[in-house]
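Here is the structure we will look at.
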Amino acid sequence: MKTANLTAALAALFMVCACTEKHARWHIGISQCSEDIWRDWQNAEMKLESSLHHDVHLSFATARDDSRLQSQQIDSLVATGIDLLIVAPNQLQSVSPAIDRAFDSGLPVIVFERKTISQKYTAFVSADNYEMGRQMAMYIAACTGGKGRIMEVMGLKGSSPADERHRGFHDGINLYPDMHVAASLHGDWTEATARNTVDDYLTRHPADTFDIVFGHNDRTAIGARHAFTTHRSSSSTPAAPLPLFCGIDGLPGADGGIRQVRDSLLTASYIYPTRGDLLLQLAIDILEGRPYAKETLLTSALVTPENANVLYLESEEVVRRSQRLERLKLMADGYLRQLTAQRTVSVLACSVLALLAVALLLFYLYHRGQMNIRRERVLNNLWNLSTATEIPGVTSPTSAEGGNTVQTTDVPDASPSGPSATEAIPHHIPEDGNPNSASSRPPSTISPPQQEGRSELHTVEGAATPSAISSLFIQRFREVVERRMTDSELSVEDLAADMNLSRVQLYRKVKAISGSSPVELLRTARLNRGYQLLLTTDKTVAEVAYAVGFSAPAYFTKCFKEEFGTLPGDLRK
Ligand code: FRU
């Protein structure tokens with residue numbers, strides 16, 4: 001019972017150990033259309049936010065402005081068994097089928113920042129791209145007094161922010177009759193493409209006819225600026241002033257739009273909020289069944305030379321804080337790993353200790369069981385031998401020496417290797433006195449010996465079986481041993497004489513029946529009697545030793561320990 005409890009406790013310990021390896025509760029897939037500074041900020045925000053939720057695992061995929069690749073990546077993310085998909089579709093049309101497939105498979109889908117043509121999403125998060133374009137037009141008009149020639153460098157064709165920023169910008173500019181968008185060039189959101197496109201345009205058109213360049217994002221505006229700078233320096237006419245450059249994104253950090261406005265590389269930008277933290281929180285709200293807004297419009301603001309310095313200082317502080325948070329997160333991760341390792345070690349140590357405890361308990365139970373068996377055997381009288389085998393050297397009881405007597409055959413003289421009464425005394429008697437006997441067979445048909453001190457053994461009806469003869473013989477031998485064991489001088493010759501046998505005859509018969517020699521049986525009988533006396537009397541160990549025929553108590557103690565595995569003094573404890 002105790003063993004079962006311990007085993008159950010052990011199993012529980014192992015389960016605790018196994019549980020330390022559990023999987024994250026929520027697996028969120030994030031499909032980014034591009035790889036750039038704006039996405040980097042957003043991904044970092046999502047990661048940081050996820051560290052506040054220990055049971056969230058994020059898988060990022062980036063399509064590097066390739067709609068086909070993004071569709072494949074979405075399918076792959078879904079196939080990995082994510083619980084929710086966050087996706088910024090590269091283009092309006094081409095990524096929609098993959099998003100629809102994800103949504104139709106039952107997955108919650110958050111579309112953010114760029115749109116799809118489908119309505120199959122769980123939530124949508126974005127700033128107002130149309131309004132950004134319009135506000136930028138108004139700001140430019142204010143800067144130029146409502147007059148000017150404008151170059152527009154657009155974002156990727158077919159992506160919703162490019163379309164909306166374009167429409168908003170034109171709607172704003174159209175309010176000013178003296179403002180004119182002279183060129184709308186197609187870029188793809190990258191600085192390199194914008195630079196090349198503008199460069200190409202300026203090789204065919206004069207650079208100094210433009211007052212304003214509006215890039216659909218800051219990188220595009222900076223790319224255009226590089227192209228204008230190149231053309232201005234290579235023009236033969238005295239260097240014309242550069243146009244004003246405006247963009248969108250207004251990112252914090254050393255390479256962000258806020259600093260570019262502060263440093264007069266850009267005239268204005270518009271903060272296009274990344275809000276990775278909000279996206280992740282929304283995802284968890286959806287997963288955990290909390291209420292959430294289906295459409296979230298992010299607020300944003302213009303970055304101008306007037307507010308750029310303050311915004312930059314603030315953004316610096318934000319950067320520092322997020323770096324500190326990142327360091328804290330790393331430290332926390334380290335502690336967590338350490339803690340997990342320590343816990344695993346503790347669990348293992350506990351398991352080993354528990355195993356040891358179980359082993360000790362089993363050993364103790366086994367040992368106690370053995371002791372009980374021995375004790376039982378002694379108390380029930382070890383001499384209760386009901387042998388069943390034929391005794392070599394014992395003839396049919398009907399033969400010689402008058403009727404129902406057992407007659408012994410001749411035995412050879414004592415061999416030199418034969419045991420002596422004084423030899424060291426080993427081992428105990430087998431339980432039934434003979435390894436081949438059927439101890440269950442009761443000796444009930446056997447009458448007790450009729451005369452003490454004689455070797456004749458009688459059956460009830462004059463037809464003694466070999467087993468009955470063995471039993472009676474041992475019984476007779478037992479009586480002699482028990483009567484005389486107190487004599488420390490007792491020898492095998494004495495015992496043999498008492499049974500009217502020679503020493504060799506006695507040895508052979510006893511050995512044949514019990515498997516042990518007479519000396520061994522004598523010693524075992526003495527030790528068993530000693531065991532009984534220790535349990536049932538107040539005699540000292542020395543008194544008991546003498547009482548059972550040992551001439552030296554120390555030798556009794558030694559033999560007792562060998563026989564019962566415990567010291568006589570400890571038996572009473
Ligand atoms: C980032 C980005 C931003 C831009 C937005 C438009 O990938 O190119 O610079 O404002 O995407 O979707």
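Each ligand, and each atom within it, is numbered from 1 in the order the structure gives. The shown structure was predicted, so the numbers you read here are calculated from the model rather than taken from an experiment. For this chain, numbers begin at 1 and follow the sequence in order. The figures that follow rest on heavy atoms only: side chains count, while hydrogens, waters and symmetry mates do not.
The N/O atoms of Tyr272, backbone and side chain alike, include none that comes under 3.5 Å of an N/O atom in ligand 1. Between Trp189 and ligand 1, no pair of N/O atoms sits closer than 3.5 Å.
Within ligand 1, counting atoms from 1 as listed, the ones closer than 4.0 Å to a heavy atom of Asp36 are 1 (C), 7 (O). Listed by number with element, the atoms of ligand 1 under 4.0 Å from a non-hydrogen atom of Pro161 are 6 (C), 12 (O). Every atom of ligand 1 with a heavy atom of Glu113 under 4.0 Å away is listed here by number and element: 5 (C), 6 (C), 11 (O), 12 (O). Applying the 4.0 Å criterion to heavy atoms of Arg39 picks out, from ligand 1, the atoms 1 (C), 2 (C), 7 (O), 11 (O), 12 (O). Near Ser34, meaning under 4.0 Å from any of its heavy atoms, are these atoms of ligand 1: 7 (O).
A salt bridge is absent between Asp178 and Lys147; no separation between the charged side-chain nitrogens and carboxylate oxygens falls under 4.0 Å. For Glu563 and Lys558, the salt-bridge test fails: no basic side-chain N is under 4.0 Å from an acidic carboxylate O.
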Self-check item: Arg25/Glu288 under salt bridge (Lys or Arg N to Asp or Glu O under 4.0 Å): CA gap, chis, key distance, verdict
Solution: CA-CA 10 Å; Arg25 186 161 166 233; Glu288 297 188 346; 3.2 Å; yes
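With Tyr121 as the aromatic partner, Lys294 meets the cation-pi criteria of under 6.0 angstrom to the ring centre and within 45 degrees of the ring axis. The cationic group of Arg165 lies under 6.0 Å from the six-membered ring centre of Tyr272 and within 45° of the ring axis, placing it in a cation-pi geometry.
Contacts between Arg219 and ligand 1, counted as non-hydrogen atom pairs separated by less than 4.0 Å, involve the side chain only. Contacts of Arg165 with ligand 1, taken as heavy-atom pairs under 4.0 Å, involve the side chain alone.
Of the protein's non-hydrogen atoms, Asp249 OD1, 3.6 Å is the one closest to atom 4 (C) of ligand 1.
Using cut-offs of 30° and 60° for the angle between ring planes, the Trp189 and His216 rings count as tilted.
Across every non-hydrogen atom of Ser50 and Val56, the tightest pair is CB-CG1, 4.3 Å.
Phe245 has its ring centre no less than 6.0 Å from the ring centre of Phe214.
Put simply, no part of Ile248 is less than 4.0 Å from ligand 1, judged by heavy atoms.
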